[in-house]
Amino acid sequence: MSDPGGIRASDDEREAVVEQLRVASVEGRLTLGELTERTEAAYSAVTQAELAVITSDLPPAGQLAAPAHAPAPAGKGGRARRWFVAVMGDSKRRGKWRIDGELGAVAVMGDVVLDLREAEVRTGVVDITATAVMGDVKVIVPDGVDVELEGIAIMGDKRVDVLEAPPGANVPLIRVRAFALMGDVKVIGDARAGRSKKAWAAWREQWRELRGELTGEPYRQLPPPAPHWEGHLGHAPHWQAHPQQDPYGRPYPPQPPEPPRAPRSSHSPHPPQSPEPPRPPEH
């Protein structure tokens, strides 16, 4: 008989796991980065065993409690918006923190940085109102989320630089309303900001090992994360691996040969000096 764990997963089973992950995130069991990473793994899983590994450290779907602290819609008595303000200075929020309502960021001749990758998101959608007046507002999210950026930029810029999920995937949504006046509002992902420094999760190692067993590929321990300048595969840039080529892959032009140098005497490291002319006699 074949291994039951090797049975291929259906689309409905993948969606059920994604929903289980979403509820676990609302309960505070997963950060936004973990939710995004596991959701991507669930959509790429081939067998039921792979799906089981993704949720191995979470309660079964039937035991997940319904969120009791879901905020009411904005403007109808819900939780007040949480503000981050920088006036001629900096305001940064990184690491572990909790998001259970709307966020507001105001930068006036200063910078505001909101790193959502390790935040516990207790809502299905993260709403952010960003205002930049001669300043910058930067929102860092994990690659694989959906981003909606709308608003106005006058003599400024608003842009998204995130590797978003394929259309139709049930992934977290980051919604940003931007107002930029001679300033910038940017939403960037891991590929641009650099991976957050965190240890690999045990479930991920087990998941990779299981996939190797099912596909017949040898399992290799993940190497330590490479610096952000080294490319996604941890290799040196192309122009360093091929020094005869420039950073754009074009061969360098041939260099002319150096002219021959005059030989030096083996007795003295300095060239001989001509004698001084005789001085006239003094009267």
Side-chain angles (χ1 to χ4, degrees), residues 2-27 29-61 64 116-121 124-126 140-148 160-174 187-226 228 230-235:
S2 60
D3 182 9
I7 299 177
R8 288 183 170 268
S10 66
D11 291 339
D12 291 340
E13 290 171 336
R14 295 188 187 94
E15 290 294 342
V17 170
V18 171
E19 179 63 18
Q20 182 179 355
L21 295 173
R22 189 193 66 80
V23 176
S25 172
V26 173
E27 292 186 337
R29 303 179 190 272
L30 299 174
T31 65
L32 181 62
E34 292 170 338
L35 171 62
T36 305
E37 188 177 43
R38 297 194 187 200
T39 300
E40 180 181 357
Y43 279 118
S44 62
V46 178
T47 65
Q48 295 178 352
E50 296 175 46
L51 292 178
V53 172
I54 295 173
T55 58
S56 59
D57 58 349
L58 298 176
L64 291 175
L116 310 184
R117 292 175 292 181
E118 297 186 40
E120 294 182 0
V121 179
V125 179
V126 179
I140 305 176
V141 301
D143 287 319
V145 300
D146 281 340
V147 179
E148 292 182 0
V160 177
D161 193 354
V162 178
L163 301 177
E164 299 187 45
N170 184 13
V171 297
L173 172 62
I174 312 298
V187 184
I188 63 176
D190 278 329
R192 180 68 182 272
R195 291 283 180 180
S196 58
K197 297 180 180 180
K198 58 183 180 180
W200 294 100
W203 73 267
R204 185 176 177 88
E205 289 294 331
Q206 185 181 359
W207 186 73
R208 293 183 66 252
E209 184 176 4
L210 177 63
R211 295 207 74 176
E213 293 176 356
L214 295 175
T215 59
E217 299 177 356
Y219 170 72
R220 297 181 178 88
Q221 187 75 15
L222 285 174
H228 65 277
E230 286 190 3
H232 297 292
L233 299 180
H235 301 301

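Computation of the quantities below employed the complete heavy-atom set of this structure, encompassing side-chain atoms and omitting hydrogens, waters and symmetry-equivalent molecules.
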Subject >> Residues forming a side-chain hydrogen bond (donor to acceptor under 3.5 Å, both in side chains) with Asp161, sequence neighbours excluded >> reply: Arg192
Subject >> With Glu15 via side-chain hydrogen bond (donor to acceptor under 3.5 Å, both in side chains) - residues at least two apart >> reply: Tyr43
On a heavy-atom basis, which atom in [X] and which in [Y] lie closest, and how many Å separate them?
X: Ser25; Y: Leu30; answer: OG-O, 3.8 Å
X: Ile188; Y: Ala193; answer: CD1-CB, 3.8 Å
X: Pro142; Y: Asp190; answer: CA-OD2, 3.8 Å
X: Val17; Y: Ala42; answer: CG1-CB, 4.1 Å
X: Arg117; Y: Val141; answer: CG-C, 3.7 Å
X: Asp146; Y: Ala169; answer: OD2-O, 4.3 Å

**OP:** Would you confirm whether Thr31, through its side chain, and Glu34, through its main-chain N or O, come within 3.5 Å as a donor-acceptor pair?
**Re:**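 Pair found, side chain donor or acceptor close to backbone of Glu34.
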**OP:** First locate atom CZ of Arg38, then atom CG of Leu58, and finally report the distance between them rounded to the nearest 0.5 Å.
**Re:**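 Answer for the CZ-CG pair, Arg38 versus Leu58, is 5.5 Å.
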Original post:
Just how far is it from atom CD of Glu19 to atom OG1 of Thr39, taken to the nearest 0.5 Å?
Top reply: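 Rounded to the nearest 0.5 Å, the CD-OG1 separation comes out at 10.5 Å.
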Original post:
In chain order, what residues pass the salt bridge (Lys or Arg N to Asp or Glu O under 4.0 Å) check against Asp11, with sequence neighbours excluded?
Top reply: Arg14
